[in-house]
Novice: 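Got a structure for you, questions after.
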Amino acid sequence: MPNEIKLKDLFVGDIDGEVESTREDFEQLFYTKNSKFNHIINSDRFIISGRKGTGKTILSQYIFKQMNKRKGVVCKIFTRHDFKLQQLIDLQHRSLQRDEINHFWKWLFLIQLGKSILEIDRINKWIPFTSEYKLKQFYSEKYPENLFRLNEYDTSKTQNTTLKGQKKLMRDTIGASIEDTHQTNKSFIKTEYYELISLLEKMVLNCMKKNKDSVLIYDDLDELEDRIGEDSSYYKVLISMLETIKTINLEIKKTGRQNSKIIVVLRSDIIDDLHKYSSNSNKLTTGSKTDLYWISKNYNKPEEHPLMEMLLIKIKNSVPAYKGLDNSSLYKRLFPRKIENKEVIDYLLNYSFGRPRDIIRFLTLVMESFPNERSFHPSFFKECAQDYSKWFYNELENEISISKDKDFLLDSLRLINDLKKRTFDIDMIEDFFLKNQQNYANITDLKLSLKKLYKYGVIGNSWIHRRRPNKNVYHYAWGYRDDADNEPNFSQSFVVHYGLRKFFSL
Ligand SMILES: Nc1ncnc2c1ncn2[C@@H]1O[C@H](COP(=O)(O)OP(=O)(O)O)[C@@H](O)[C@H]1O
Ligand SMILES: [Mg+2]
């Protein structure tokens, strides 16, 4: 009986897309109504973008599942570990030079395209003179067996070691096997990889022409930085990667392959930063992106908001007793009462950055604290708000931590914390800042700091929309929403985000 279902029986999602995608029923729980899969697969787009926690990884995993079901198609997902490893193998301890980055990306993508094609080829690679056979020969000469196999190195063994240790371990292993094979192989292994690019490209494209499709997805490249040699810039490396993917995708298209492409997953804040380093990057990314953005204004009923629909799909498909219910009945059953006069979905939107991960986290906290209850009562959210706020802050800190402005941003966050005001205006914060400047050494420009905080959603603008005798009606603008201005208005008041107030004790 549905009446007996308790909160602990519900599944609303995991905060980590990689974890959720290991569930057997993950495809049934995936929300497709926003058509993101078609948007990227049936177009020339090649970038999955979105803020942290918007579902980039889980979309990649969904593409992975769907594409691998198609006949003659192979799909693979790579992370930065694959990049590092290839770098270690091909550069053999020397660091990547700035002017070779384009070549190296091209090499990396072609090597992995070729490998994936050979994996789905069952027969031709064994028949001499076929393109597949030639490609296979190429690999076995360039990478003698034992070296090649390292590509599937066992991460579980190195999980507990530090990153540095892990790198050294990989180096030692690879270094050793390079020595082992030195005597037996004298041809390709000594040739620099860039001398072989055009040969490899020809061979890979020849194979693709023969009905082999391959989709490669690169996720989790956010922390490449320290891998690329000391003086070179992370952003230049990323721009070079995007340029290379674009040209390879064009070459693939010329072969007539409909189901093949290289896709890269990039956080939108990183894409925004790229534009500072290259005049070309805007052109490169606009029109090439599938952007994951969940904040919709086109909903009349709370159960019609995309984020709520996403949650309800998971609940319906993971709780058999709820399967037959329509969204409206299920919403009323689970969220029967408003919170602070708002529908639950609107309350959750206020306390989040409008990302699936935030909302899933808040609901999960409630479910864990009230496992035997049957619906989400307003008081439950209030009781979990403190824990949620702490998590929300940590998630933000984490998001910021890969930015090159990290110290500046952390000081800026601390400034808001120390000011201890839910609302303030520019004079107020300026005054406070000037008096305590020594505590925020990394803030050189207060307005810039406020701009950044606005962009991330830590603070928003507010203004009186309608004056009323007993209570004015306020409107808000948040930089992470696409209906707001990109920059804050310094003549208006600022407000601190609801989700952070508890953490800042406001
Ligand atoms: N289309 C979707 N369908 C179902 N759940 C989703 C969808 N998009 C995001 N989610 C939920 O959001 C969570 C976080 O997504 P994740 O892929 O880890 O984000 P990102 O990689 O952008 O940081 C997922 O584990 C999942 O529960
Ligand atoms: Mg991810």
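Atom set for the values below is all heavy atoms of this structure, side chains included, hydrogens, waters and symmetry mates excluded. Remember, it's a predicted structure, so these values are computed and weren't measured experimentally. Indexing begins at 1, ligand by ligand and atom by atom, following the structure's order.
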Novice: Starting from atom 19 (O) of ligand 1, locate the nearest protein heavy atom and write down its residue, its atom name and how far away it is, to 0.1 Å.
Specialist: Gly55 N, 3.1 Å
Novice: Can you confirm whether or not the ring centre of Phe362 sits under 6.0 Å from the ring centre of Phe381?
Specialist: yes
Novice: Can you check whether Thr54 has an N/O within less than 3.5 Å of an N/O in ligand 1?
Specialist: yes
Novice: Considering only NZ, NE, NH1 and NH2 on the basic side and carboxylate oxygens on the acidic side, decide whether Asp405 and Lys452 come within less than 4.0 Å.
Specialist: yes
Novice: Is there a nitrogen or oxygen of Met310 sitting under 3.5 Å from a nitrogen or oxygen of ligand 1?
Specialist: no
Novice: Is ligand 1 under 4.0 Å from a heavy atom in the side chain of Glu20, in the backbone, in both, or in neither?
Specialist: side chain
Novice: Is the closest N or O pair between Phe30 and ligand 1 shorter than 3.5 Å?
Specialist: no
Novice: Between Tyr193 and Phe104, how do the two ring planes meet: parallel, tilted or perpendicular, split at 30° and 60°?
Specialist: perpendicular
Novice: Measure up the Tyr62 and Phe30 rings against each other and bin them: parallel (under 30°), tilted (30 to 60°), perpendicular (over 60°).
Specialist: parallel
Novice: Consider every N or O of Gly17 and every N or O of ligand 1, then say whether any pair is closer than 3.5 Å.
Specialist: yes
Novice: Anything under 30° is parallel, anything over 60° is perpendicular, the rest tilted; go ahead and classify Tyr31 against Trp294.
Specialist: tilted
Novice: Within the structure, is a non-hydrogen atom of Leu29 found at a distance of less than 4.0 Å from ligand 1?
Specialist: yes
Novice: Any idea which of Ile58, Asp14, Thr32 brings a heavy atom closest to atom 13 (C) of ligand 1?
Specialist: Asp14
Novice: Closest non-hydrogen protein atom to atom 12 (O) of ligand 1, residue and atom name please, with distance?
Specialist: Pro356 CB, 3.3 Å
Novice: Checking side-chain hydrogen bond (donor to acceptor under 3.5 Å, both in side chains) between Glu399 and each of Lys52, Arg267, Arg51, which is the one that passes?
Specialist: Arg51
Novice: When you measure from atom 14 (C) of ligand 1 to every protein heavy atom, which one gives the shortest distance, and what is it?
Specialist: Ile15 O, 3.4 Å
Novice: Any N/O/S atom from Ser60 (main chain or side chain) under 2.8 Å of the Mg ion (ligand 2)?
Specialist: no
Novice: Kindly say whether Phe353 contributes a backbone atom to a donor-acceptor pair with the side chain of Asp358 at under 3.5 angstrom?
Specialist: yes
Novice: Restricting to non-hydrogen atoms, name the atom on Asn68 and the atom on Cys75 that form the minimum distance, rounded to 0.1 Å.
Specialist: OD1-N, 2.7 Å
Novice: Is it true that Phe11 lies under 4.0 Å from ligand 1, counting heavy atoms only?
Specialist: no
Novice: Can you pull out the closest protein heavy atom to atom 3 (N) of ligand 1? Residue, atom name and distance to 0.1 Å, please.
Specialist: Tyr31 N, 2.8 Å
Novice: Can you find an N or O of Lys314 that's nearer than 3.5 Å to an N or O of ligand 1?
Specialist: yes
Novice: Considering only the protein, which heavy-atom contact is closest to atom 23 (O) of ligand 1, and what is its distance?
Specialist: Gly53 N, 2.8 Å
Novice: For ligand 1 and Glu18, I'd like to know whether there is a polar contact (N/O to N/O, distance under 3.5 Å).
Specialist: no
Novice: For the residue pair Phe408 and Asp445, what are the closest heavy atoms and their distance?
Specialist: CE1-O, 4.2 Å
Novice: I'd like to know whether the aromatic ring centres of His497 and Trp478 sit less than 6.0 Å apart in this structure.
Specialist: yes
Novice: Do any heavy atoms of Gly50 fall under 4.0 Å from ligand 1?
Specialist: no
Novice: Can you tell which of Glu309, Glu20, Glu27 makes a salt bridge (Lys or Arg N to Asp or Glu O under 4.0 Å) with Lys314?
Specialist: Glu20
Novice: With a heavy-atom distance limit of 4.0 Å, tell me whether Trp294 approaches ligand 1 through its side chain, its backbone, both, or neither.
Specialist: side chain
